[in-house]
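Written below as structure tokens is the structure these notes are about.
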Amino acid sequence: MAFGQTKDCELKFVNNTGMTINIPREGHRVKNPGGLEGWNKMELGTAINNLAPGESDSTTQDLSIKAVDDAEFEIHYSADNGRDFVQLFSNRDIRDKNATLKLTRN
């Protein structure tokens with residue numbers, strides 16, 4: 001693993017919003033708390049379209065952060081009603097190169 005990069009990390013998105021949502025490929029951010037670099041841009045391996053309420057989907061990509069137990073993610077998504085959302089996730093353990101992100105309306 002290269003310094004400052006987590007290779008082949010799987011992100012599982014769970015739709016707990018009660019709405020059908022779309023998660024674009026670009027526009028997300030990721031960081032190691034306390035790191036000097038701050039937020040880094042994150043591009044998903046693929047966009048996730050028409051994710052129904054209660055369903056999940058996964059994508060795998062390289063992250064520009066270290067594999068730690070307290071990673072932070074900023075995820076952007078839109079709902080079928082035309083609303084846009086931004087959700088922050090903190091304290092995600094990605095040392096096993098997996099993270100589950102449960103999207104809500106908050």
Side-chain angles (χ1 to χ4, degrees):
M1 176 169 53
F3 179 75
Q5 189 174 36
T6 303
K7 295 205 179 262
D8 300 327
C9 186
E10 180 181 2
L11 297 179
K12 179 179 180 181
F13 294 96
V14 179
N15 182 356
N16 286 345
T17 66
M19 304 174 289
T20 299
I21 62 171
N22 298 303
I23 306 168
R25 186 167 186 240
E26 299 176 339
H28 314 288
R29 299 189 310 165
V30 63
K31 76 174 179 173
N32 290 126
L36 297 176
E37 69 276 358
W39 287 103
N40 294 313
K41 290 181 182 179
M42 182 178 77
E43 184 175 301
L44 301 180
T46 184
I48 299 173
N49 296 312
N50 300 315
L51 188 62
E55 290 189 352
S56 64
D57 200 349
S58 298
T59 182
T60 302
Q61 70 280 320
D62 294 345
L63 299 179
S64 56
I65 63 171
K66 298 175 191 170
V68 295
D69 64 355
D70 63 350
E72 294 184 12
F73 295 88
E74 179 184 275
I75 304 298
H76 297 253
Y77 63 96
S78 60
D80 55 358
N81 64 6
R83 292 188 55 200
D84 293 326
F85 297 88
V86 176
Q87 189 166 342
L88 298 175
F89 297 91
S90 58
N91 298 315
R92 300 300 158 150
D93 189 343
I94 59 168
R95 292 176 294 180
D96 64 355
K97 299 185 181 182
N98 291 286
T100 298
L101 305 176
K102 295 180 180 180
L103 299 167
T104 65
R105 291 190 215 193
N106 300 331

Q: Would you please name every residue forming a side-chain hydrogen bond (donor to acceptor under 3.5 Å, both in side chains) with Asn15, sequence neighbours left out?
A: Thr17
Q | Gln87 side chain vs Leu101 backbone, donor-acceptor pair below 3.5 Å | A | no
Q) Of all heavy-atom pairs between Ile65 and Ala71, which one has the smallest distance, and what is that distance? A) CD1-CB, 3.8 Å
Q | Listed partners of Arg29 passing salt bridge (Lys or Arg N to Asp or Glu O under 4.0 Å), at least two apart | A | Glu74
Q. Got a donor-acceptor contact below 3.5 angstrom from the His28 side chain to the Ile75 backbone?
A. no
(Q) Suppose we screen for side-chain contact (heavy atoms from CB on, under 4.5 Å). Which residues come up paired with Glu10, at least two apart in sequence or across chains? (A) Ser58, Thr60, Asn98
Q. With hydrophobic residues grouped by side-chain heavy-atom distances under 4.5 Å, do Val68 and Trp39 end up in a single group?
A. no
Q | Minimal non-hydrogen separation, Asn81 against Met19, with atom names | A | ND2-SD, 3.6 Å
Q. Linking I/L/V/M/F/W/Y whenever their side-chain heavy atoms sit closer than 4.5 Å, directly or via other members, would Ile48 and Val14 fall into one cluster?
A. no
(Q) Using modelled atom types and a 3.5 Å cut-off, is there a donor and acceptor pairing between side-chain atoms of Asn40 and backbone atoms of Lys31? (A) no
Q. Considering all heavy atoms of both residues, which atom of Thr59 and which atom of Gly45 are nearest to each other, and what is their separation?
A. OG1-N, 3.2 Å
Q. At their closest point, which heavy atom of Lys7 faces which heavy atom of Asp62, and how far apart are they?
A. CA-OD1, 3.4 Å
**Q.** Gap between atom OG of Ser78 and atom CG of Asp84 - 0.5 Å precision
**A.** 5.5 Å
(Q) Which heavy atom of Ile94 sits nearest to which heavy atom of Lys66, and what is that distance? (A) CD1-O, 3.7 Å
(Q) If you define the side chain from C-beta out and look only at heavy atoms, does anything of Asp80 sit under 4.5 Å from Ile21? (A) no
Q. Less than 4.5 Å apart, any side-chain heavy atom of Val30 and any of Lys41?
A. no
Q. What residues form a side-chain contact (heavy atoms from CB on, under 4.5 Å) with Asp69, not counting sequence neighbours?
A. Asp93, Arg95
**Q.** Donor-acceptor contact present, side-chain Thr6 to main-chain Ala67, <3.5 Å
**A.** yes
Q | Residues Phe13, Asp57; criterion side-chain contact (heavy atoms from CB on, under 4.5 Å); working and verdict | A | CA-CA 5 Å; Phe13 294 96; Asp57 200 349; 5.6 Å; no
Q | Residues in side-chain contact (heavy atoms from CB on, under 4.5 Å) contact with Asn50, at least two apart in sequence or another chain | A | Thr20, Asn22
(Q) Let's go through Leu88 and Phe73 carefully: what are the C-alpha distance in whole Å and the side-chain angles of both, what is the deciding distance for side-chain contact (heavy atoms from CB on, under 4.5 Å) to 0.1 Å, and is it a yes or a no? (A) CA-CA 6 Å; Leu88 298 175; Phe73 295 88; over 6 Å; no
Q: Compare every heavy atom of Phe85 with every heavy atom of Ala79, then report the nearest pair and how far apart it is.
A: CB-CE1, 3.8 Å
Q. Taking only residues two or more places apart in sequence or in another chain, which ones pass side-chain contact (heavy atoms from CB on, under 4.5 Å) with Pro33?
A. Asp70, Glu72
Q: Check side-chain hydrogen bond (donor to acceptor under 3.5 Å, both in side chains) between Glu55 and all other residues, then give those that pass, not counting sequence neighbours.
A: none
**Q.** Same apolar cluster (I L V M F W Y, side chains within < 4.5 Å links), Met42/Phe89
**A.** yes
Q.
Tell me every residue that passes salt bridge (Lys or Arg N to Asp or Glu O under 4.0 Å) with Arg25, counting only those two or more places apart in sequence or in another chain.
A. Glu43
